[in-house]
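All of these numbers come straight from a predicted model, not from anything done at the bench. Chain A is the first sequence line, chain B the second, and so forth, proteins listed ahead of strands; every chain is numbered from 1.
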There are 2 protein chains.
Amino acid sequence: MSDTRGTIRAVALELFSTRGYELTSLREIAERVGLTKASLYYHYPSKQALLLDLIQPLIDAWRATAEHAESLPHTEDNVRAVLRGCLDALLDNRPAAGLFVRDTAAVIAAIAPVWEELLTLNRQLFTWLAGPRPSAADTIRAIAAMEVLGGAISASLYLPGVTADDLRVPLLDSAAAALGLRRPSP
Amino acid sequence: MSDTRGTIRAVALELFSTRGYELTSLREIAERVGLTKASLYYHYPSKQALLLDLIQPLIDAWRATAEHAESLPHTEDNVRAVLRGCLDALLDNRPAAGLFVRDTAAVIAAIAPVWEELLTLNRQLFTWLAGPRPSAADTIRAIAAMEVLGGAISASLYLPGVTADDLRVPLLDSAAAALGLRRPSP
DNA sequence: GTCTATAAGAGGATAGAC
DNA sequence: GTCTATCCTCTTATAGAC
């Protein structure tokens, strides 16, 4: 198999995630893939296009979650379901999400329109989470609940090797509590 | 008054925070200050040194909080006090904290030792927060509680002009809840 | 303290042979 | 699809005059 494009994606995701986007040069990526810089340009028209290709699945998952949420009435069970949808979107795309979390400035600069869409989706999500006619504190707590889900990314920094299954229940309980819900459902 | 160094600090903090560290050149900073690039080097020996100077107050505040926590017995009131100490450290250093949050990769690369210290302090903090003999879930919830405090930084993205006083109580309640404490104290 | 001038190199991207 | 060679721009940083 010679899935060059796939190899490039894998190497780029690894390097962007560890060193950061701006600090990773196409030369480094090409070297690890076993190509020259010029050959990279056969597969991707620019460094930005490569980045975009990497984070597209995360964007899509995030949008799907936000759009699904909008269609649901704001009940306690649905709130939990939406939180879980967000968490799964992150857990299913951990490397890409980590890229966003640890390298926001560079990602914004490289692909501003995508960033704008993410902001909009986040706004939709926590507005829905805060419920109808929210107080200022409700809104802040909704933001806090989404911050908790970000623990899916940062936790592995402190607990190396922690799995998605380790994180799912504690983070969901924690996010629900941060939002102000009573104890977990069975 | 001709506090050139102070002006440089202010301009650099502003640019690093908005564009990101790697994407801000010394030329840009010099231009806005009204100096040449070369003159910057009279005041700071390197770009890294400038960055370090900007985030030092945050590091110091964070270390003070972590060290204070270690000296306290793990009671519910003390847990709230430590969460509040962390939150105030962030609120008192919002621009610098924002730099860390949105530009982690660049900051790590520029000043790795400082990053290592921050990781260690964070470890101390959430280990203390998780309490003695914590379960795996307790540790994850302690991490989640600290994530909530990070809302102090991200909230202004969605609620422009939100003040420290707007954030303090909801974020503390939310962090305490994320950690698993019962309702707030009066 | 601030300047001009320059070093020394890396970056992304392109042209065109094979 | 991959290569070699090159372009052009920008960067951090230094030397030395004023």
**Study point:** Phosphate OP1/OP2 of D/dG1 contacted by A/Ser39 side-chain N/O (<4.0 Å)
**Key:** no
Review point. Counting any heavy atom closer than 4.0 Å, what does B/Ser25 reach on the DNA or RNA strands: base, sugar-phosphate only, or nothing?
Key: sugar-phosphate
Review point. Rounded to the Å, how far apart are B/Leu23 CG and D/dT11 C1'?
Key: 12 Å
**Study point:** Between D/dA15 (P) and B/Lys37 (NZ): distance, integer Å
**Key:** 15 Å
Study note, to complete from the structure: note: B/Leu35, atom CG; C/dG1, atom C1'; distance rounded to Å ~ 9 Å
Check your understanding: Are OP1 or OP2 of C/dT2 and a side-chain N or O of B/Thr36 less than 4.0 angstrom apart?
Key -> no
Review point. Roughly, in whole Å, what's the span from CZ in A/Phe16 to C1' in C/dG12?
Key: 12 Å
Review point. For DNA chain C, whose closest nucleotide is more 5', that of A/Arg27 or that of A/Ala38?
Key: A/Arg27
Check your understanding: Can A/Arg141 be said to sit on top of A/Phe126's aromatic six-ring, NZ or CZ under 6.0 Å from centre and within 45° of the ring axis?
Key -> no
Exercise for review: Measure from CD on A/Glu22 to C1' on D/dC10 and round the result to the nearest Å.
Suggested key: 12 Å
Revision key, fill the gap. Output for pair (B/Leu121 CG, B/Thr65 OG1), nearest 0.5 Å, gives 9.0 Å
**Study point:** A/Leu40 CG to C/dG11 C1', straight-line distance once rounded to whole Å
**Key:** 14 Å
Exercise for review: Write down the distance between NE2 (B/His43) and P (D/dA13), rounded to a whole number of angstrom.
Suggested key: 16 Å
Review point. Taking 4.0 angstrom as the limit, do B/Arg32 and B/Glu28 come out as a salt bridge?
Key: no
Check your understanding: Is A/Arg9 positioned over the aromatic face of A/Tyr44, cation under 6.0 angstrom from the ring centre and no more than 45 degrees off axis?
Key -> no
Check your understanding: For the pair made of CD in A/Glu28 and C1' in C/dG12, what is the distance, rounded to whole Å?
Key -> 14 Å
Exercise for review: State whether A/Tyr42 places a side-chain N or O below 4.0 Å from either non-bridging phosphate oxygen (OP1 or OP2) of D/dT2.
Suggested key: no
